[in-house]
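Beneath this line is the structure, given in structure tokens, with notes to follow.
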Amino acid sequence: MALSVDSALYRWQRLGAKSPSQTPSESTPLLFSVRDKPKLNLNKWRIIFPDNRTQWKDWKKTSTIYSGNRIQTTKYTWFTFLPQNLFEQFHRLGNLYFFFLVVLNWFPQVEVFHREITMLPLIVVLLASMIKDAVEDYRKYQFDKTINSSKTTVYDKEERAYVEKCWKDVRVGDFVQLQCNETIPADILLLYSSDQNGICHLETANLDGETNLKQRQVVMGFSSQNTLFEPEFFQNTIICETPNNDLNKFKGYMEQPNHERIGFNIESLLLRGCTIRNTEVAIGIVIYAGHETKAMLNNNGPRYKRSKIERRMNMDIFLCVGLLFVMCLVGAIGHGIWTGNFSEHPPYDVPDENGNFLSPALAGFYMFLTMIILLQVLIPISLYVSIELVKLGQVFLIHNDIDLYDEEADLPIQCRALNITEDLGQIQYIFSDKTGTLTENKMVFRRCTVDGIEFSHQENAKRLETHKELDLDDEDFAKLQHFSLPPMNIERPATFKRTMRPLRRCQSARAHFQGHARNRSVGRRDSNQSQVAFSSTIEKDVTPDSRLLRRVREAALQTENLSPFIHMRTSLTDFFLALAICNTVLVSTATEPRQRVTVPPPIKPSGITLEKIHQIFQRLKLASLSQSFSSSQSSSDLGASFSAKNTEEHLAALDCCDNDDCCASGRRDELHGKGSTDIGSTSLDEVFKSVTNSSLPTDFCYEAESPDEAALVYAAQAYSFTLVSRTPEQVTVRLPQGTLLTFDILYTLGFDSVRKRMSVVVRHPLTKEIVVYTKGADSVIMDLLEDSAKADISVQKKIKRIKEKTQKHLDYYAREGLRTLCIAKKVLNEDDFQKWANFRREAEAAIDNRDELLMETAQHLETKLTLLGATGIEDRLQDGVPDTIAALREAGIQIWVLTGDKQETAVNIAYSCKLLKQRDTVFTINTENKETCESLLNLTLEEVRKNYEVEKPQRRFFGIIPTSFSASEAPSPEFGLVIDGRTLNVIFQGGLEEKFLALTKYCRSVLCCRATPLQKSMVVKLVRRQLKVMTLSIGDGANDVSMIQAADVGIGISGQEGMQAVMASDFAISRFKHLKKLLLVHGHWCYVRLAKMVIYFFYKNVSYVNLLFWYQFFCGFSGSTMIDYWQMIFFNLFFTSMPPLLFGVLDRDVSAETLLGLPELYKNGQNSEIYKLSTFIITMLDAFYQSLICFFVPYLTYEDSDIDVFSFGNPINTISLLTILLHQALEMKTWTLFHLVTMIGSVVFYLTFSLIYNAACVVCNPPMNPYWIMEKQLSDPTFYLLCLITPVIALLPRFFIFALRGTFGASLILKAQQLDKLPRGQQDLEIQKLRSRKQTASGVPASMDDLDQNISQLCASPFLHLAAAAVSHGDTESQGFSASEVKPLRKQIPEEGCYFFNRWAEEESSAAGACSGHHPLVPSRVRTPGEDSDKLTKDNGHSFNHGSHRRSVSAVTL
Amino acid sequence: MKNKASSPPQGGEARPSRCPDNSAFKQQKLPAWKPQLTIATVLSSFFLTGMFCLLVGVCLILSANSVREIQIDYSDRCSDCSKLRENSSNWNKECHCSVDFTLKEDILGDVFMYYGLQNFFQNHRRYVISRSDAQLLGRNVNIQKSYCAPFTTYRNGTPMAPCGAIANSMFNDTIDLFYNLNSSVIQVPLLKTGNSWWTDKNVKFRNPKSYNLSSAFAGTARPPYWQKPAYLLDEEDERNTGYVNDDFIIWMRVSAFATFRNLYRRVSRIRQFADGLPAGNYTFHISYNFPVSKFKGRKHVILSTVVWSGGSNPFLGIAYLVCGTAATLTGFVITAIHLKLRKKKTYFQK
């Protein structure tokens, strides 16, 4: 141990030397510098002294520096609330504007209204927000208080015992004792766990919503102790990182008094907010407290989003401000001139209080300010309030849409952001995750290949097909399952039970549904109910392939018979052992889902002596040792054994096996009944079975970190390789024979996205060999396979053949859209292992560069593997995904898929969900070199442009008029772009963004594979910023969070991968297909409603305020109003507010059915057709016209009469009300009872209010006095005549335009509206007609061919060019190409401008497999054989991954 | 106002399932009338509107034409008085002038006599608000706090009654009408009450309560431009003096425009004027007090009848006619387009 630490130290120095800045802090020996000098280098490191008697002095010094555990999330205190809140409120522009008006109105020179009245709106707004803020803050305060005063037990050095303390009193360095199910108060380094293995289980649901348990390990060196942890003896000092918000990274070390250092990482950190599970007691030392904990640092407040309409609106408000300024200026100048005209002051020019008159200039200036107050309504402040209200209503309706409700999860759509509903109607780009978003993220074991032989699992496929129906009826499900079981299945009782258990759960799952008659399938998300993340039925039940099952059983039998020639079967065994072992799955029993099965049940001897068992094992070992387990030579036989020649032999063996099984199972039933007392039998099989049955529960639940792992374990279980228990040290598997094998786990090399594989190192209990089982992406594993050079030729050939075949199968799987994994093993000898283990330990103890070191060690181990087989796991497409994507595409939305998955899978999913069509030309760009990338982009761009210019030069022209029918889809060919993460990196770093975007603009869809979360968000940001488009991101996992946050609209799918995406999203839906209605219907509606409402508000305010403005021309620009200001205020507040609000919430321009039927209607919103600058200006002009009419018709009517001011204002007010309401009525497309009532109600309310107000108030409103005006007017026929004619004249032009558009315009919206009127059947027919007309116009055949082999895929990759060259040379093994030969070729290609098609022909790909097989250990990415000779990539090629596209091998010149 | 969206009861919460209600409101499937601008509705609406407007317009024009009105500008005819009034120091000197005119035909029916002012901006903001309605209601209010400034009190502190610029600048010409019948001059009987709104006279304006009017106004002074205090506005009629004087009330109803007329007198339909004013020669005897020349104003006296649709202003009728014509023409235009496009294939109208 000491040695390894030393070497680790050496390594730090070596690594640390690269960055000198780190050196001082690292090399600071704490005991010397820190203890003597209390000055600590706290910028980089946090140093923690334990809070016990021995070190309390140091603790005191440091603990004051670190923040305590009290949290305070409130913004205000009691005293600071008022000033601070006001201060914050006046940061809003609207409030400042109000405030400015109030202040203005306090000056008598410019006073228009009562001072109090101008203050009223401001006070109301301020008070409302203040109350809201106060309530919010108080809630936070209460929440903080409960949290701060929750109890935990902390070690007290005085009492030398753990005492109960409040959370807020916990300090850094305290020892905290945590009980089971206790919430962790701070970030705590785990020092002791009651678990004998030093494991502590955590539930992180509070942090990330994931319900599966996470393991945390006691810091190394502490785990071994068996006695209770004693804080007094803790002498170490802890040095770790300063607080940061990375939940997955943490590192540090502990310095012991003897200067030894013990490293630790996130695996030992208990995070605040998590819950301890399955561990009785855990003790740890507080590392971060309070606001410095990772949970709190991650706790960012909600993001304020502003919708596109609002941005547009703010622009227009500035236009309004400009208009206001101009109008005020006109008033000011007019007043100045008017005043200056008098030589002597007339009696109506009233001096101020002192009898002085103002100079014309000053009067003009004052008038300017007066006019601002007078015309303030021009800035529609009420609009903001109205928009908030309307959006609330819209959100309410979206939330209540039954079509967006997921019955299985019992989840309606969640609208988390209240203020961007209308953005849903303007989306131009969708960025989607693949796994869990397009697919269900329900991994189902579909196929496997072992030793080059493919097992298609037809029965399983059938089961999956029928599964949906099964779901519907539980009874039938059970029966069917019963029948579908192979008759000879040993595991039948177990399987039966397995199927029964979830059924029970499903039946009890949830209550009934009323109202909506829809069947709901069970199984999915019932974990939600039980709070346990177990797999659903569909994932658990794997129907074994009968052929494979027979072979497995045969293998088992032969092992039993101790036949010396069993080698060919053992790889099967190994394959399933690897499936069962090589994972991090936790096992629990069905009865106690949360209780881990950690200890393998003791094998009762039940009569058999240990010696006997040992003997059997020895024999087993001998058998396996001699052949396949160990070396590469033996593994070469594997392929041969499964060759076609041997089939007869196999069949014979199988028959025999079947018979045996029948007998065996029959006997076993007997045994079971007797309680395994039958010892007399000498059959090993029986013995094992008796052991098994007597002592083991038959049903296990597996909790896996990723669903694929669980799927594999279930698959292994189906073949009777049952994972029985797992501890960090041991894993127990039950073999088909019933034997329990307990492997010692020596190391687990976890999965990471760089290596793309995971391994376990186990010691085989029988053979005592050290075996490495590795499972990982095929692209990686295939390169790591053992070099067969030293083997003889026949072996080499066999290996090669297996590899070829496996590769062929893998390609086939990938084409099917299956997720492929390769399983491999390696046997280590003891010496090698010890060497490696030392290396590993060093790495683990390292602090800096530990990650790199660990990676290095892992890579060191995972070489020279022997291929066992490969699996294909299906991630099924969600319901309605292709349909949704087609509809969204038709709606003019560009859909990009950003996935971390590999290219083949992504491409296949893209095909199957109709993202790419069979006839599309697909460009694939995979490169790591900037120059290559640039030239590729240029080349592709050129080609695409050429294509566009030749074939459809009118496209861009039509792009401007998207409503026209012929504009829609381009005729052939369409382009797809596939790009991988590395290329994206190159693009981002090399400044090639613009070219990339230019290319993507021509592409029908873009697939980014192998993209990291960061890249995902970068892509979204790039598109959003550079193209200035509305983007939407949809995803379900934590890796989509950044992308969801980067987009204008983020949508989370509340699916299998926890709640993180949902938490970050603006809307959370449960199925991808809901996106269709959400965007096409709700998005469209919300956009149309809100856009029209906003425009209407502008119109309303301008047309009303202008009435006052026109009057200024007749009153010497003196700022008089002819309308009483109460009536003015009420006009906006009550008389005309309801109809637009109702319109904003309820109007439906086109019915939902038609919107869904004609997705093209969505383009309306995309192009912002309803609310853009031109419509705004037209509306403004209309408003001016209408206000002119509303003013001048009464003016000319009453001209030169004895009309008084208010009697003149009253008809104007009434007329204007009618005009504004009728205008709204013209805009309304739907008239429900609500609309009618509010419309009529508004007028009635206005009349009643005016009548009452004018009758009741004689002097209540000095100096203006509109007493009896309304009454007088109502008795005057002129009033009625005016009210009739003026709105008609005012609205005539608009109505005329509407009439023209409505009768002669060919706008799609109008057609859709007409469709709505038709009866149901005819409507569908018309929709079909419209669509077909559109399609014929664009010339795209709507054929949806099945995925066939002849997909022509255009590849613009240099490697494929090379491959093309290789084909033309008739030489598939093209690695002989030198770089010099390559370069001219590549140069040539752009000049000729030709494409290369490659066919996914099976025979060719098999050849490719062979080719790549020759270079399994080439460290660079092996794409095609040609790539090997590509110098450019080879130079850079120091990465472990490669977005390989193994099947794209041969290319044909177009 | 804020319950717009949630007016139907939200029953969803009570149930265990989070499934939204399948109600027509929440699913946005409320039965609705969806008006469509089809050719039939459009054309019928245009033609109907057009016809209606034309009809009303003709009626209005006819009725407006039946109004008889005579308007006499006397600001120049009394140029002497006008000059006298330009100097405000002559405010208490009386000045009379007479204006002759001839009625060529009878004015039948109720004849109203207005005075008209031109370029007098009664609607000026500071002018409009310069009044105290409370004072005019007879209440004893502190007019210092009202908007009357600077016409509230004299320097010695005596409050003005009534206060404010409107009251101060009250039109104070007196106009009498004489009928010259065969060289004999008959004064046309004019009614000076009943010209204002009933509510103004009886509700909005009240004299302060006291045993007699002069004592009610004791302690106050007339506005500076006035020649006599408020309680002497009509010395003959006790119920028409003080704040409830009809001329005063009418003046206090500020006009909407700078050119306006106010009802001054009605011809009392007695004796030979029972049917209105017969044709013949008439004379206005004007006591010229109100200065207009300093703001380039003009004064008129107007004799007019009224009809149901108002005065002699034909505008409303014209507006109806124009609107009706426009609507009808538009209807024809649309019909023409419709007929022309009907044969085209792309035309989507059914």
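Hydrogens, waters and symmetry mates are skipped; everything else that's a heavy atom, side chains included, is used.
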Side chain, backbone, both or neither: which part of [X] has a heavy atom under 4.5 Å from chain A?
| X | value |
| --- | --- |
| B/Gln28 | both |
| B/Ser45 | side chain |
| B/Leu137 | side chain |
| B/Lys296 | side chain |
| B/Thr259 | both |
| B/Pro35 | both |
| B/Val292 | neither |
| B/Tyr147 | side chain |
| B/Ile337 | both |

Heavy-atom side-chain contact between [X] and [Y] under 4.5 Å:
| X | Y | value |
| --- | --- | --- |
| B/Trp33 | A/Thr1230 | no |
| A/Pro347 | B/Phe295 | yes |
| B/Cys53 | A/Ile1285 | yes |
| B/Lys34 | A/Trp1231 | no |
| B/Phe260 | A/Asp1202 | no |
| B/Arg125 | A/Thr370 | yes |
| A/Thr1232 | B/Pro31 | no |
| A/Ser1118 | B/His124 | yes |

Atom group of [X] that falls short of 4.5 Å from chain B, counting heavy atoms:
| X | value |
| --- | --- |
| A/Val395 | neither |
| A/Leu1284 | both |
| A/Gln1112 | neither |
| A/His1235 | neither |

Distance col, row A/Asn1265:CG vs B/Ile129:CD1, nearest 0.5 angstrom, shows 13.5 Å
What distance separates B/Cys19 SG from A/Leu411 CG, expressed to the nearest 0.5 Å?
-> 11.5 Å
Do any of residues 311-318 of chain B have a heavy atom less than 4.5 Å from a heavy atom of chain A, and if so, which, in residue order?
-> B/Asn313, B/Phe315, B/Leu316
Determine the interplanar angle of the A/Phe396 and B/Phe25 rings, folded into 0 to 90°, and report it as parallel if under 30°, tilted if 30 to 60°, perpendicular if over 60°.
-> tilted
If you count heavy-atom pairs under 4.5 Å with chain A, which of [options] comes out on top?
| options | value |
| --- | --- |
| B/Val128, B/Asn168, B/Val203, B/Thr49 | B/Val203 |
| B/Ile302, B/Asn123, B/Thr41 | B/Asn123 |
| B/Tyr127, B/Phe52, B/Tyr320 | B/Tyr320 |
| B/Val254, B/Val42, B/Leu60 | B/Val254 |
| B/Leu30, B/Val322, B/Leu263 | B/Leu30 |
| B/Ile250, B/Ile166, B/Thr330 | B/Thr330 |

Hey, which of [options] has the most heavy atom pairs under 4.5 Å with chain B?
| options | result |
| --- | --- |
| A/Pro346, A/Ser1201, A/Pro412 | A/Ser1201 |
| A/Asp349, A/Asn341, A/Asp352 | A/Asp352 |
| A/Leu1196, A/Leu1292, A/Leu1282 | A/Leu1196 |
| A/Glu344, A/Glu1271, A/Met1122, A/Arg1148 | A/Arg1148 |
| A/Ile1203, A/Thr1238, A/Val1258, A/Leu1236 | A/Ile1203 |
| A/Phe1298, A/Phe1206, A/Tyr1111 | A/Tyr1111 |

Within 45° of the ring axis of A/Trp1268 and under 6.0 Å from its six-membered ring centre, is that where the NZ or CZ of B/Lys204 lies?
-> no
Assess whether ring-ring contact (aromatic ring centres under 6.0 Å, His included) is satisfied between A/Phe1295 and B/Phe46, documenting all intermediate values.
-> CA-CA 10 Å; A/Phe1295 184 68; B/Phe46 272 109; 5.3 Å; yes
Picking from A/Phe1113, A/Tyr348, A/Phe342, what satisfies ring pair (Phe, Tyr, Trp, His ring centres under 6.0 Å) with B/Phe121?
-> A/Tyr348
Residues B/Arg253, A/Ser1207; criterion side chain to side chain contact (heavy atoms under 4.5 Å, CB included); working and verdict = CA-CA 10 Å; B/Arg253 185 161 283 281; A/Ser1207 297; 4.2 Å; yes
So which atom in [X] and which in [Y] form the shortest heavy-atom distance, rounded to 0.1 Å?
| X | Y | result |
| --- | --- | --- |
| B/Pro150 | A/Val350 | CD-CG1, 3.7 Å |
| B/Gln27 | A/Ile402 | OE1-N, 2.9 Å |
| A/Ala1299 | B/Ile334 | CB-CD1, 4.2 Å |

For atom CG of B/Leu329, decide whether the heavy atoms of other residues, nucleotides or ligands shown that lie under 6.0 angstrom number more than 12.
-> yes
Please identify each residue that fulfils side chain to side chain donor-acceptor pair (under 3.5 Å) with B/Arg131, with sequence neighbours left out.
-> B/Asp133
A/Asp1204/B/Ser255 under side chain to side chain contact (heavy atoms under 4.5 Å, CB included): CA gap, chis, key distance, verdict = CA-CA 4 Å; A/Asp1204 64 284; B/Ser255 267; 5.7 Å; no
